[in-house]
Amino acid sequence: MKERSFILLKQHGKTALGYTTGSCAAAAAGAAAEMLATGNTVHYVSLHTPKGIPLFLEIEHVTRGADYVSCAVQKDGGADSDVTDGLYIYATVRRSTEGLIRIDGGEGVGRVTLPGLDQPVGNAAINHVPREMIAAAVSAHCKSADVVISIPGGAELAAQTFNPKLGIVGGISVLGTSGIVEPMSEQALLDTIGIELHVRRLQDFPVLLMAPGNYGREFVMKHYGLPMDDCVACSNFVAESIECAAGEGFSRLLFIGHIGKLVKVAGGVRNTHSRYGDRRMEILSGIARDCCSPACSARLEQELASCVSTDEAVRVLQDAGAARQVLDEMTRRICRNMQAWAGGMQLAVIVFSNVHGVLGQSDNALPFVQELRAFCAQRKED
């Protein structure tokens with residue numbers, strides 16, 4: 001039946017599309033409600049998504065009881081497959097006499113424990129658009145029902161998602177604003193970063209901890225004893241994430257990053273993805289020209305041009321006796337550019353290498369670390 005659903009999607013010229021966990025939940029719930037109301041067996045169901053693209057999905061794993069029907073739809077993420085691809089999203093619809101449609105999460109669906117997300121604390125992590133889709137699908141057949149959405153295996157897969165960092169425990173989320181999965185866009189990634197920043201703000205962190213990715217988060221844990229999960233990973237979106245943090249109202253930010261990313265920031269690069277250019281060695285060579293004698297900088301420019309990694313570049317600087325002045329100036333330029341993006345937010349920076357350790361840090365970096373460490377320790381005790 002997957003082929004039929006994709007025939008409908010291909011009519012819109014987007015063969016890479018899939019359908020969300022929210023669409024699966026709504027389709028399964030609608031089918032279960034129809035079977036409960038009519039006694040018939042439903043093999044396929046049509047669903048009109050908020051995106052305007054119709055789906056025609058197979059209904060599987062039907063079970064019946066005296067007052068309920070349960071069934072499932074298999075998730076297909078299209079070209080943007082993630083950990084939910086191939087999972088079965090189950091809906092159990094049970095008769096009720098309370099005059100309303102209640103929606104909750106069962107096995108494998110996470111539960112919200114922190115404020116600032118789409119659903120209030122205590123609710124199942126079924127976002128509002130999927131809830132509206134589920135309610136509409138069920139109300140077409142039942143005016144009063146209890147609906148439980150379950151995702152077997154969701155609890156185990158949740159560790160591979162952002163959910164633990166966002167305070168969603170026990171499973172994955174039922175998501176989707178359009179009902180359709182499109183290949184992940186930069187805006188979608190920025191939206192995810194924005195959600196995490198909002199959650200951290202509501203937790204009253206005195207200092208926001210940010211790093212581009214796992215290298216920075218692991219360095220934070222190993223060298224400063226700060227929890228990795230408290231560090232917001234901004235990927236390559238350095239400038240936009242800093243601007244977003246300022247917009248959330250943070251007053252202080254500690255940014256810890258690998259030289260391979262942050263040397264680009266020293267050159268004014270807002271997004272550090274390689275598709276916007278490398279320039280790492282050119283930027284280091286330019287700093288060397290400003291900091292070192294003409295003879296030294298000429299030699300460094302030649303040697304840096306042949307380096308394939310920033311760790312190798314640091315070794316070249318050390319061998320030339322120029323590491324301290326070049327790296328200090330690099331750190332100052334990183335701070336200056338980040339501060340321009342941060343506006344009035346106070347900003348501290350630590351630059352490191354996995355091979356060479358800390359390469360540079362602003363004067364206020366260690367006080368920020370100490371304050372953040374004390375806050376995390378107190379929060380753990382509470």
Side-chain angles (χ1 to χ4, degrees), residues 19-38 42 45-51 55 57-75 84 87-155 157-158 161-163 166-181 195:
Y19 37 90
T20 64
T21 49
S23 287
C24 294
E34 182 178 350
M35 287 186 277
L36 185 65
T38 65
V42 174
V45 66
S46 296
L47 182 73
H48 192 78
T49 63
K51 184 81 170 179
L55 295 174
L57 303 175
E58 184 175 8
I59 302 302
E60 303 182 64
H61 304 172
V62 176
T63 58
R64 299 173 183 271
D67 64 344
Y68 76 89
V69 174
S70 177
C71 62
V73 170
Q74 190 176 30
K75 165 73 185 300
T84 66
L87 288 180
Y88 280 95
I89 314 300
Y90 284 77
T92 300
V93 178
R94 190 178 300 272
R95 288 192 178 92
S96 168
T97 59
E98 296 190 10
L100 73 162
I101 294 170
R102 295 190 302 186
I103 301 168
D104 201 0
E107 175 192 357
V109 174
R111 200 157 290 275
V112 177
T113 66
L114 295 176
L117 299 178
D118 181 274
Q119 292 296 302
V121 171
N123 271 21
I126 304 172
N127 280 9
H128 73 282
V129 172
R131 285 177 182 270
E132 292 168 0
M133 294 171 67
I134 293 165
V138 172
S139 64
H141 307 283
C142 302
K143 301 307 178 186
S144 180
D146 290 333
V147 183
V148 176
I149 305 300
S150 303
I151 308 176
L157 290 174
T161 72
F162 277 98
N163 279 12
L166 298 176
I168 298 173
V169 301
I172 61 176
S173 302
V174 178
L175 302 172
T177 56
S178 69
I180 297 297
V181 177
I195 291 170

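For clarity, every value in this text was computed on a predicted model and none was experimentally measured. Only heavy atoms go into these numbers, but all of them, side chains included; no hydrogens, no water, no symmetry mates.
Legend: residues meeting side chain to side chain donor-acceptor pair (under 3.5 Å) with Glu107, ordered by chain and number and at least two apart, are absent. Applying the side chain to side chain donor-acceptor pair (under 3.5 Å) criterion to Ser70, with sequence neighbours excluded, gives Thr92.
Between Ile151 and Val109 there is a side-chain heavy-atom pair separated by less than 4.5 Å. The side-chain heavy atoms of Leu157 and Thr84, taken from C-beta on, include no pair separated by under 4.5 Å. Side-chain atoms of Asp104 and Asp146, non-hydrogen and from C-beta on, never get closer than 4.5 Å to each other. At least one side-chain heavy atom of Leu57 sits less than 4.5 Å from a side-chain heavy atom of Tyr19.
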Show the atom names and distances, to 0.1 Å, of all donor-acceptor pairs under 3.5 Å that link a side chain in residues 169-176 to residues at least two apart or in another chain.
residue	atom	partner	partner atom	Å
Ser173	OG	Asn163	OD1	3.4
Ser173	OG	Asn163	ND2	3.1

Only distances under 3.5 Å count here; give the side-chain donor-acceptor pairs of residues 22-37 to other protein atoms, sequence neighbours excluded, each with its distance to 0.1 Å.
residue	atom	partner	partner atom	Å
Ser23	OG	Thr20	OG1	3.4
Ser23	OG	Gly179	O	2.6

Result block: side-chain N/O donor-acceptor pairs under 3.5 angstrom for residues 130-137, not counting sequence neighbours:
residue	atom	partner	partner atom	Å
Arg131	NE	Gln119	OE1	3.1
Arg131	NE	Ile126	O	2.6
Arg131	NH1	Ile103	O	3.3
Arg131	NH2	Ala124	O	3.1

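Taking NE2 of His128 as the reference point, atom OG1 of Thr177 lies at 8.0 Å (rounded to 0.5 Å). Note: Leu55 CG to His48 NE2 = 10.0 Å, rounded to the nearest 0.5 Å.
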Worksheet entry | Verdict with supporting geometry, Val147 and Val93, side chain to side chain contact (heavy atoms under 4.5 Å, CB included) | CA-CA 5 Å; Val147 183; Val93 178; 4.2 Å; yes

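Taking a 6.0 Å sphere around OH of Tyr88, one finds it holds more than 12 heavy atoms contributed by other residues, nucleotides or ligands.
By the 4.0 Å N-to-carboxylate-O rule, Arg94 lies close enough to Asp67 to be salt-bridged with it.
Of all heavy-atom pairs spanning Val62 and Cys71, the tightest one is CG2-CB, 3.9 Å. The two residues Ile168 and Ala125 have their closest heavy-atom pair at CG2-CB, 3.8 Å. Of all the heavy atoms in Ile149 and Ala91, the pair that sits closest is CD1-CB, 3.8 Å.
Listed by first then second residue, pairs satisfying salt bridge (Lys or Arg N to Asp or Glu O under 4.0 Å) with a partner in residues 116-129 number zero, not counting sequence neighbours.
Between the side chain of Ser96 and the main chain of Ser144, no donor-acceptor pair closer than 3.5 Å is present.
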